[in-house]
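In what follows, a structure is listed as structure tokens, so that the remarks can point back to it.
Both ligands and their constituent atoms are indexed starting at 1 by order of listing. Note: hydrogens, waters and symmetry copies are ignored here, and every other heavy atom, side chains too, is used.
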Amino acid sequence: MLNNQGRPTTGGVSEEALHPTFTGNRALQIEEPLIFEIGRPANTGVDLDEPAQFESKLSNLERNAPIGLPGLSEPETVRHFVRLSAKNYSIDAGIFPLGSCTMKHNARLNEKMARLPGFADIHPLQPLFSVQGAIDVIQQLVVWLRELTGMPAIAITPKAGAHGELCGMMAIKAALAARGEQRTTVLVPESAHGTNPATAALLGYQIKSIVARDDGTVSVEEVRKHLSSDVAAIMLTNPNTCGLFERDVLAIADAIHDVGAYFYADGANFNAMVGKVRPGDLGVDAMHINLHKTFSTPHGGGGPVAGPFALSERLAPFVPVPYVTADANLAQLIEHSDGASLGRMSAFHGQMGMYVRALAYMLSHGNDGMKQASEDAVLSANYIRVSLSDVMSLPFDRTCMHEALFDDRWLEGTGITTLDFAKAMIDEGFHPMSIYFPLVVHGAMLIEPTESESKISLDQFIGALRELAAAAKRGDKDRFVGAPYHAPRQRLDETRAARSPVLRWAGHSPAIS
Ligand SMILES: *Cc1c(COP(=O)(O)O)cnc(C)c1O
């Protein structure tokens, strides 16, 4: 791997890397060593008194070698992490147009609420009477999610969209088992996110892929062709990953239910319809909700995210523990169930900090505000679609929902690929859109601006893409094929990075390069 100056990165660690003296912008350009490479074991950021004489009760469990902490002063530590953070591209740094990921603004009000000591400093094993406020927040979040989904039961504990998806499908499997049925097959449209077939496969189902019709959506006729008493469920994303609303959704739900199967909805794109459509009214039996996509909590950031899921009346008995109930006096965390519950899907009650942030978003926007956010997200995506439609090609030339999908036909004959185009965007200071996803569209470029962007910011983004598109068509190939030229990391060998990743620091050995 080479750095900006064409020098090999510090495999063997140089003196400069070990004792960096960074100033100004250079701090952002240079390779940042690992904290273990900067640290010297003898150093410490805190002065601790020598412990008094004590008799160890740990017998042979006592540690007998140093713990291997890096050893830095407080300013050295802070500077290391600030330098690293400045290398990140984030929604706080600029538009983050990844399709299907809904990278929206994380409001500072949410952060302020999540840091309140009554939420931030509590412990999951505290007695319930001492955390009634926190339990009440979870309960309020559940009430909002019920209202917005039109579905009666909400399970809060899953740690990601994919985890919620797994739990939702487990509820379906459990419901079938309770009926004494062992169905074998799950239907998944070919445009689906990879987590859908992965989830079904993990639960032992065979996957039957459903092809879309020419307009990019799934037809009820196509679904009917695959229906039988062996089908456990369909996993349908709506709006789908082409950014299109599945128009046959009601008929598909009926057809699925007619053969005794369940309708799993992938709710990752819920931001396109919050306050406009309730999935429960579309016949959905189970749906996960990515709080980090739809309800503005950070993607990651200090721990896992939260992917609660909603269940229909028929699946509600299978909701995992713990869940929250409340009467006038006391919010209760139900930790055990003697009924049909799936049981426990995580150690505790989930991601408290994310619940607080999501509820802060809901309360600060209100019903009307969230509906407006969905409408603005759709408007922004269509603004981008129309503004670029004369220079880039659209696989489905019609109004989209929250994301605009382009293909690579417009690059034909230029020698430039979707990947090259995306990398050149980095040199213009933009994070690329999702590329090569969904798989059904050749050289896909999927742009989801979200409602967070002002018209000025959308215009800057569109302007940059138009200028790049013109350069591509002009044959300015060099600008693309080696890009990015101005990023701390240049083009990686992505195949090698995927096939033989080096993920572990192995000490000061040349192997780490
Ligand atoms: C993001 C996403 C998922 C998975 O959610 P994670 O929170 O990333 O696990 C599933 N389906 C679709 C369509 C998505 O966009």
Neighbour count >12 (heavy atoms, 6.0 Å) for atom NE2, His257: yes

Pairs touching residues 431-441 that satisfy salt bridge (Lys or Arg N to Asp or Glu O under 4.0 Å), sequence neighbours left out: none

Any Met235 side-chain heavy atom under 4.5 Å of Phe263 side chain: no

Return a table of N or O atom pairs, ligand 1 on one side and protein on the other, at distances under 3.5 Å, rounded to 0.1 Å.
from, atom 1, to, atom 2, distance (Å)
ligand 1, 5 (O), Asn290, ND2, 2.9
ligand 1, 7 (O), Gly161, N, 2.8
ligand 1, 7 (O), Asn290, ND2, 3.1
ligand 1, 7 (O), His292, NE2, 2.8
ligand 1, 9 (O), Gly161, N, 3.3
ligand 1, 9 (O), Ala162, N, 2.8
ligand 1, 11 (N), Asp266, OD1, 3.3
ligand 1, 11 (N), Asp266, OD2, 2.6
ligand 1, 15 (O), Ser100, O, 2.8
ligand 1, 15 (O), Ser100, OG, 2.7
ligand 1, 15 (O), Lys293, NZ, 2.8

Lys423 vs Pro484 side-chain heavy atoms within contact, under 4.5 Å: yes

Side-chain ion pair, Arg357 and Glu111, N-O less than 4.0 Å: yes

Test applied, side-chain hydrogen bond (donor to acceptor under 3.5 Å, both in side chains); reference residue, Thr199; option that passes from His163, His288, Glu165: Glu165

